[in-house]
Each structure stands twice: as structure tokens, then as C-alpha cells.
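What you see below is based on every heavy atom in this structure, not just the backbone, and it leaves out hydrogens, waters and symmetry mates. The model shown is predicted, which means the values in this text are computed figures rather than measured ones. Naming: A, B, ... by sequence-line order, numbering from 1 per chain.
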2 protein chains.
Amino acid sequence: MADALAGGDLLTVFGRCAVDYEGRASSTLGPGDRHVTAKPDGTVLVHTDEGQQPVNWQPPGCSQRVERDADDDALRLVSTRANPDEELVVAFESVRQVSAFAVDDGESLSLTGSEADLRQRILESPGLVEPGFQPLVTERRTAAGAVDIFGEDADGNVVVVELKRKRVGPDAVGQLSRYVDALERDLHADATVRGILVAPSVTERARRMLAERGLEFSAVEPPGED
Amino acid sequence: MADALAGGDLLTVFGRCAVDYEGRASSTLGPGDRHVTAKPDGTVLVHTDEGQQPVNWQPPGCSQRVERDADDDALRLVSTRANPDEELVVAFESVRQVSAFAVDDGESLSLTGSEADLRQRILESPGLVEPGFQPLVTERRTAAGAVDIFGEDADGNVVVVELKRKRVGPDAVGQLSRYVDALERDLHADATVRGILVAPSVTERARRMLAERGLEFSAVEPPGED
DNA sequence: GGTTTGATGTCGATT
DNA sequence: AATCGACGTCAAACC
């Protein structure tokens, strides 16, 4: 088992265990049946029978080792990392299955429908934002961070576009607002800066917040399957 | 295997497979060795040998079924859900291991060091924010959302406190800023509203943004292990 | 290594 | 069912 850990295999253990974590936060989990995965990149995942997220975990890059208790011969998986200093201990009281798999996987995921795809769509058809909109730069830096699309409208006004791939809430309004404020500062007071939130839809509270700040919304869907 | 899916077991399959997903976004993944988990609550996880996150997944509540191809006898795991309409298909070309586990887990995770723990600490020792601070309400509603702690300072000014358990960036400043703006509206212009961001530390950009908006920062650590 | 932001984020609470 | 904000968020891009 220690060989598998050292040899680049993906290791899985199913059994009854208790889990302790100490690091950015602290947690304890009493005994129960769980599925534990230790990946060759240092990742550790502890899964119960419910939920998409692991109940405990350790990120890639961690050091992992298997210990066997001198007294009761019980199995323990210990994973540690520095910066931040964190430790995860999975203490098994019984083990039902241990497996080691050699993994051959050369393929990587191809995904469409992301914000990057929406940006591409806007750059190809700027009129989707509004007639006459002209993109000038993407990722333009401001004192408040990088603007998704920086451009100008049909009248030559500066336009800041913030993109979201799905329905937006107050957080996106805050983001757009920060960028508009920062640009008005950067460009002094000589230019009108319009802020347009581009997303499939907007929540009611976000719509009110946009109105209060003089910001706008334009409905555009991210590209679907092609 | 279909029995295990129906019977409340946790099912795992390791083998060479291709994965297709279509829903909020779309993805394809060519053939490779992966570890697939199907939980009795409807969760599906597809893990490669790298990374903490699954390369593909389906959330709890999905309907899952196992199909065997009439022609080549190949195994397929199909998971679907409505609202949003999503489908995940894992098509195996070879299987190295199939396991089904009955899971007995009555314990739940106990975690300390969360934002809720930080709030508790502040309510017990309000002076940590600043001398004379008096909490009045938690989760006070405003037009922009609920404020973490609403209170007043030694001079009777209204104080809005936004809590974060770790170092904060621009997003937290935007959040606090929205709450202060909303409260100044709600309470008309007759009161001074102070906004204080309470967290272990702040990034440089966030510090500048606080200063620009007349907001404040107070360094408080979340409670560690007890 | 720190900072900033996107994500098929997920998850829980509340309306 | 929709909304909102926390999360040991994770992960990537940029500096």
C-alpha cells in the first residue's frame, strides 16, 4: 500500500474510519463508513454516501503516508502540507477494500459555454450588447481590477462591460460599479463612463442596484452547443 | 450493478471511459482511465489521477441508470436531471473494477474556525472591533442584503460590520460598501453610517478601496482550536 | 508566491 | 423554486 502511494498509483480505501483535520480551520468526524481516495499528485478525498463534496480532503501537492499502529495494527492515512500548515488524519478501525490503480489518461476536458466563450461571442457580434457598441480592449486594467471588455458606444462614450455566463446577482453589480468608479477616476471627470452588465438575466435586487447606480443591463446568452 | 444502484449502495467503477456532458454548459472528454463514483443520493463523480475536483460530475438528486450496449456489450452510466435539464454519460470501453458498498455513517462533521465562530467571538468581545463598539442586531436586513453585525460606536454612530474568516480582497469591500450605501438610504441622511471590515488581514488593493470609500478595517482572527 | 476572478462552482438558509 | 452569501471553496491567469 505504501508502494502504491510511492509508485504513482491511484489508491482507494473503503472502510470504517474517523477523520481529523487541522489547518485553516479545524474539524473532527466520528467513526463511519467512507470512501477514501489518495491520488498520486497528493490529493486526498474522503467521501460519505451523500453529497457531491468530500466531507474532508487535502489539495494536490500534499505529502501523504500510511501508518500502521504499533498496538492495534490499525491503518492510518496521514496527509500534510506547509503554507498553510495543514494536516489530515484518516484513522481506520476496519477496512473492507483497498485498491491501487495505474492510471493512463492523456485526454483533457473540452468545455463550451464558459464566460470566455461569451466574450468571444460578443467580440464577434458587438451589436448583441447594443447597436453601435465597439469593443476596444479586453482585460483592461483599472485601479479596481481588470475590466472584461472596454469599448465605446455609438456616441463615443466610454463603455465598461462586465460579463457573466449565468443569471447575475448583487455581487456582479458591485464588481461593475467598482470598475466604473475606478475608470471615472482614471480618466478624470472629462468623460462619461457607462457600465453595462451582460448576462442571460438579472435578479430583481440586482436590477434595482443597477438602477440606483445608473448602470445598465443587456441580456445575452452564452453560446450553447455548436 | 443495477441492483446496487437501486439498493442504496455506493457504487464505484474504475476503467477506461469517455465522458459527455450537456446542460448549463457542454463538455466532452476522450477515452482515458478514470475512477467513477455513483452515490445512492444520485451524485456522480468522475475523477482522473489529478486534481481535487472531479473532471465531470452530476449533483445529488439526479436519476442514474446503467446501460449495456446491445452490440458491443459496453457499459454506460447515464445520469440525468431536470431543472436545469442536464445529462452526463460515462461510456466505458473497458472496466477494471466494479464495487458496491453498503454505507453505515451516522456521524456528521464538526468544524470550527468558520465565519459563524468569528461572529460569536465578536459578540462575546465587541471590543475586538474597536473600544466602545456595541452590537445591536445580527443579519439586519437592508435593501442590499443582510448585514453581518449592525451596531453603534462609542459616540452613538451607526456601525455596519462585515465579517470574513480570512484575508479579504476587493469583493468584500464591495459588499460592505453596498451595505453602507443601502443603510444611508434606509436611515435617510440624518445619521453617519460607519462601515468596518473585520478580518484577519486585507490585500493592498482592498485597503486602498476602503480608504477611497471612507470605510475602515479592524484586524481580528477567527477563533482557532479550543 | 500573492492577488484577483471564474466556476457545469456546491451548499445551506431564508423567502 | 428562487435568491443570497459562505466555503478549509478550487483552479487558472497574471503579476
Practice prompt. Go through the structure and list residues passing side-chain contact (heavy atoms from CB on, under 4.5 Å) with Ser114(B), not counting sequence neighbours.
Written response: Leu111(B), Ala116(B), Asp117(B)
Practice prompt. Under the ring-ring contact (aromatic ring centres under 6.0 Å, His included) rule, collect the residues that match up with Phe150(A), sequence neighbours excluded.
Written response: none
Discussion item. Between C1' on dA11(D) and CG on Leu109(A), what's the gap in Å once rounded to a whole number?
Written reply: 13 Å
Worksheet item: Is the backbone N or O of Glu50(A) less than 3.5 Å from a side-chain atom of Thr48(A), with the two atoms forming a donor-acceptor pair by type?
Response: yes
Discussion item. Say we look at dC11(C) and dA7(C): how far apart would their C1' atoms be, to the nearest angstrom?
Written reply: 14 Å
Discussion item. Just the rounded figure in Å: distance from P of dA1(D) to CG of Asp85(B).
Written reply: 14 Å
Discussion item. For a quick check of understanding: with a heavy-atom distance under 4.0 Å over all strands, which category does Pro60(B) fall into, base, sugar-phosphate or nothing?
Written reply: sugar-phosphate
Worksheet entry | Atom C1', compared across dG5(D) and dT9(D): separation rounded to whole Å | 13 Å
Worksheet, complete the sentence: For Phe14(B), the ring-ring contact (aromatic ring centres under 6.0 Å, His included) test, sequence neighbours excluded, returns Phe101(A)
Worksheet entry | NZ/NE/NH1/NH2 to OD/OE distance under 4.0 Å, Glu221(A) and Arg165(A) | no
Discussion item. Checking Arg185(A) now: which residues fulfil side-chain contact (heavy atoms from CB on, under 4.5 Å) with it, not counting sequence neighbours?
Written reply: Glu212(B)
Worksheet entry | Separation of the P atoms in dC4(D) and dG8(D), to the nearest angstrom | 23 Å
Discussion item. I'd like to compare against my own output: the B/S/- annotation of nucleotides 2-7 of chain D with a strict under-4.0 Å heavy-atom distance to protein.
Written reply: SSSSSS
Discussion item. Let's see if you get this right: which residues in residues 28-51 of chain B place a heavy atom under 4.0 Å from DNA chain C?
Written reply: none
Discussion item. Which residues pass the side-chain hydrogen bond (donor to acceptor under 3.5 Å, both in side chains) test with Lys164(A), not counting sequence neighbours?
Written reply: Glu162(A), Gln175(A)
Practice prompt. Please name all residues satisfying ring-ring contact (aromatic ring centres under 6.0 Å, His included) with His35(A), sequence neighbours left out, ordered by chain then number.
Written response: His35(B)
Discussion item. Regarding Arg141(B), tell me which of base, sugar-phosphate or nothing describes its non-hydrogen contacts under 4.0 Å with the strands shown.
Written reply: sugar-phosphate
Response to the item:
For residues 198-208 of chain A, the side chain to side chain donor-acceptor pair (under 3.5 Å) pairs (sequence neighbours left out) are Arg167(A)-Ser201(A)
Worksheet item: Is there any ring-ring contact (aromatic ring centres under 6.0 Å, His included) pair reaching into residues 193-220 of chain A, and which pairs are they, with sequence neighbours excluded?
Response: none
Practice prompt. Could you pull out all residues at least two apart from Pro135(A) that satisfy side-chain contact (heavy atoms from CB on, under 4.5 Å)?
Written response: Leu123(A), Pro126(A), Phe133(A), Ile149(A)
Worksheet item: Given that Arg81(A) and Gln52(B) both sit by DNA chain D, which one's nearest nucleotide is further toward the 5' end?
Response: Arg81(A)
Item to complete: Under 4.0 Å from any heavy atom of chain B: name the first and the last nucleotide of DNA chain C that qualifies, 5' to 3'.
Response: dT3(C) to dT15(C)
